[in-house]
Amino acid sequence: MVPALKVRIGGITILHITTFQEASQFLEEWDTGARNAFYYLAADALAGFDEGIVPPEVARLAFETFCREVGILSVQP
């Protein structure tokens, strides 16, 4: 996933998501009670990427949108 996405967890921890596999794992660990429509769109897009039916830029955009919508996307350089 280029460029890598930076996400904030717990206010100060910054994770660098550098691969689609890391993005999928991150979503798998997301609290089931906090999963929303953006979560499911991102999860479906990443699964579609794994199956070869979703282009990488679409999967990345879906994951980035999820991160932005739940307030964890870091805008730091």
Output yes when a side-chain donor or acceptor of R8 lies under 3.5 Å from a complementary backbone atom of L15, and no otherwise. no
Looking only at heavy atoms, what is the nearest atom pair of V54 and A59, with distance? CG1-N, 3.9 Å
Of all heavy-atom pairs between R35 and Y40, which one has the smallest distance, and what is that distance? CB-OH, 3.8 Å
Which distance, rounded to the nearest 0.5 Å, do you find between the CZ of F26 and the CD of Q21? 15.0 Å
Test of understanding: clusters of I, L, V, M, F, W, Y form through side-chain heavy atoms closer than 4.5 Å, transitively. Do V7 and L41 belong to the same one? no
Indicate whether the side chain of Q25 and that of E29 have a donor and an acceptor atom separated by less than 3.5 Å. yes
Please answer: with hydrophobic residues joined when any side-chain heavy atoms are less than 4.5 Å apart, are L61 and L27 in the same cluster? no
Verify whether one side chain among E22 and T18 offers a donor that lies under 3.5 Å from an acceptor in the other. yes
Do the non-hydrogen side-chain atoms of L73 and E64 ever get within less than 4.5 Å of each other? yes
Residues A42 and A62: closest non-hydrogen pair is CB-O, 3.6 Å
Would you give the length of the straight line joining atom CZ of F63 to atom CZ of F38, rounded to the nearest 0.5 angstrom? 14.5 Å
To the nearest 0.5 Å, what is the distance between SG (C67) and CD1 (I17)? 7.0 Å
Do the rings of F49 and F20 sit parallel, tilted or perpendicular, given the 30° and 60° boundaries? tilted
Begin from the C-alpha positions of W30 and N36 and carry the test side-chain contact (heavy atoms from CB on, under 4.5 Å) through to its verdict. CA-CA 11 Å; W30 194 255; N36 61 17; over 6 Å; no
